[in-house]
Amino acid sequence: MAQPSSSPSPPPVSLRVVILFLRVLTAVFLVITVIILSTNSVTIDSQGTAVKYHFKDVYAYRYMFSAAIIGLVYAVIQLFFTISELATRIKNSINYQLDFYGDKIISYLLATGSAAGFGVSKDLKDALLALVALDSTDPVDKFFSRGYASASMLLFAFVCLAVLSIFSSYAISKH
């Protein structure tokens, strides 16, 4: 009769590759979010007065940016651990806890950031177009389209982390 091993066995190689792929996708989506948001600005010309707005002038965009940065730091740390696990085929039991709790917390942070971005993009665009007589709506459309794009990238990162969260829940229940 075989003795049960005392150390937890890592998941099969194919599952580890899928996990690595999802972690890379998460990081890529978050990098794109940070780039889009940090370069998002608009100059609104209304009746001869020009006002320049940046993403940091909108609180929800700041929240999205913060969520993306925190998620990116977490994704890079997890990417390092995942590559290390794939190379050594050894997974520390503490990593199961980090995967489980980290994936859950960060995925909720990304989901709320994405929701805030979608909501503020819709509401502010409608309010701005209704309240201000603009010479052209193209700059406003571009500004808020970038807001939608970054919120979409944050949503895709959330989906990747949500799937990883399911994998980490399964892994922690086995160990």
Side-chain angles (χ1 to χ4, degrees), residues 18-82 97-170 172:
V18 169
I19 290 171
L20 177 64
F21 177 72
L22 286 171
R23 296 234 182 258
V24 168
L25 264 180
T26 302
V28 167
F29 288 140
L30 292 172
V31 165
I32 293 170
T33 299
V34 168
I35 291 170
I36 292 172
L37 267 179
S38 63
T39 60
N40 196 10
S41 65
V42 65
T43 302
I44 298 175
D45 193 15
S46 175
Q47 300 171 352
T49 305
V51 179
K52 185 157 183 140
Y53 291 102
H54 299 278
F55 82 93
K56 60 187 172 194
D57 295 326
V58 180
Y59 287 117
Y61 286 165
R62 280 197 237 172
Y63 179 76
M64 273 178 49
F65 187 76
S66 300
I69 292 293
I70 292 168
L72 185 59
V73 168
Y74 175 76
V76 168
I77 290 169
Q78 283 294 73
L79 199 54
F80 171 75
F81 285 138
T82 304
Q97 300 288 327
L98 178 65
D99 288 351
F100 179 73
Y101 293 112
D103 289 348
K104 301 256 184 288
I105 292 168
I106 300 299
S107 67
Y108 286 127
L109 179 68
L110 298 182
T112 57
S114 177
F118 281 123
V120 78
S121 294
K122 167 87 172 85
D123 290 344
L124 280 182
K125 181 179 178 183
D126 292 346
L128 187 65
L129 293 177
L131 294 175
V132 179
L134 298 174
D135 298 338
S136 171
T137 61
D138 289 342
V140 174
D141 289 338
K142 188 175 180 182
F143 181 76
F144 289 113
S145 292
R146 286 181 179 170
Y148 281 126
S150 57
S152 297
M153 291 295 114
L154 208 54
L155 182 64
F156 294 149
F158 159 72
V159 169
C160 290
L161 263 182
V163 171
L164 285 165
S165 176
I166 293 169
F167 288 147
S168 66
S169 297
Y170 177 72
I172 203 166

Asker: Could you tell me the separation between the CE atom of M64 and the CG atom of N40, rounded to the nearest 0.5 Å?
Answerer: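 If I round to the nearest 0.5 Å, the distance is 9.0 Å.
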Asker: Does the side chain of F143 come within less than 4.5 Å of S121's, by heavy atoms?
Answerer: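 SC-SC contact between S121 and F143 ruled out.
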Asker: If the condition is side chain to side chain donor-acceptor pair (under 3.5 Å), which residues does D99 pass it with, not counting sequence neighbours?
Answerer: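 D99 satisfies side chain to side chain donor-acceptor pair (under 3.5 Å) with Q78, K91 only.
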Asker: Do L79 and L20 come close enough that some side-chain heavy atom pair is under 4.5 Å?
Answerer: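 Result yes, sub-4.5 Å side-chain heavy-atom pair found.
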Asker: Return the minimal non-hydrogen interatomic distance between F167 and I19, and the atom names on each side.
Answerer: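 Smallest heavy-atom distance, with atoms named: CD1-CG1, 4.0 Å.
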Asker: Would you say the ring centroid of F65 lies under 6.0 angstrom from that of F55?
Answerer: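 Close enough - the centres of the two rings lie under 6.0 Å apart.
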Asker: Looking at CG of L37 and CZ of R62, how far apart are the two atoms once the value is rounded to the nearest 0.5 Å?
Answerer: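 One finds 12.5 Å between CG of L37 and CZ of R62.
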Asker: Rounded to the nearest 0.5 Å, what separation is found between the CZ atom of F100 and the CD1 atom of I105?
Answerer: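 Answer for the CZ-CD1 pair, F100 versus I105, is 10.0 Å.
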Asker: By ring-ring contact (aromatic ring centres under 6.0 Å, His included), which residues pair with F156, not counting sequence neighbours?
Answerer: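 So F156 forms a ring-ring contact (aromatic ring centres under 6.0 Å, His included) with F29.
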Asker: Which distance, rounded to the nearest 0.5 Å, do you find between the SG of C160 and the CG of L155?
Answerer: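 Result: 10.0 Å between the selected atoms.
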Asker: Is any side-chain heavy atom of K125 closer than 4.5 Å to one of D141?
Answerer: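 Result yes, sub-4.5 Å side-chain heavy-atom pair found.
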Asker: How close do A68 and T33 get, counting heavy atoms only, and between which atoms?
Answerer: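 Minimum heavy-atom separation between A68 and T33: CB-CG2, 3.8 Å.
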Asker: Within this structure, what is the CG-NZ distance for the pair L164 and K104, rounded to the nearest 0.5 Å?
Answerer: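 L164 atom CG to K104 atom NZ measures 10.0 Å (nearest 0.5 Å).
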Asker: Is any side-chain heavy atom of L30 less than 4.5 Å from a side-chain heavy atom of L154?
Answerer: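 Side-chain contact under 4.5 Å: yes.
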Asker: Does any non-hydrogen side-chain atom of S168 lie less than 4.5 Å from one of Y101?
Answerer: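 Not touching, per the 4.5 Å side-chain cut-off.
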Asker: Any donor and acceptor pair, going by atom type alone, linking the side chain of T112 with main-chain N or O of Y108 inside 3.5 Å?
Answerer: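 Present.
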Asker: Between S165 and L161, is there a donor-acceptor pair closer than 3.5 Å when you use the side chain of the first and the backbone of the second?
Answerer: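 No.
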Asker: Just wondering, more than 12 heavy atoms not from Y63 lying within 6.0 Å of its OH?
Answerer: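 Buried by this count: over 12 neighbours within 6.0 Å.
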Asker: Would you name the heavy atoms of Y148 and K122 that are closest together and state the gap between them?
Answerer: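 Closest approach of Y148 to K122: OH-CA, 3.2 Å.
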Asker: Do side-chain atoms of S107 reach the backbone of F158 as a donor and acceptor pair under 3.5 angstrom?
Answerer: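 Such a contact is absent between S107 side chain and F158 backbone.
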Asker: What is the minimum heavy-atom distance between S150 and I36, and which atoms define it?
Answerer: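 What the structure gives for the nearest pair is CB-CG2, 3.9 Å.
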Asker: If the condition is side chain to side chain donor-acceptor pair (under 3.5 Å), which residues does T82 pass it with, not counting sequence neighbours?
Answerer: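 Applying side chain to side chain donor-acceptor pair (under 3.5 Å) to T82 gives R23.
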Asker: If I compare all heavy atoms of K52 with all of D57, which pair ends up nearest, and what's the gap?
Answerer: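 The answer is O-OD2, 4.1 Å.
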Asker: Can you name the closest pair of heavy atoms from G147 and Y61 and give their distance?
Answerer: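 For G147 and Y61, the tightest heavy-atom pair comes out as CA-OH, 3.5 Å.
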Asker: Could you tell me the separation between the OG atom of S38 and the NE2 atom of H54, rounded to the nearest 0.5 Å?
Answerer: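 Spacing of OG (S38) from NE2 (H54) equals 12.0 Å.
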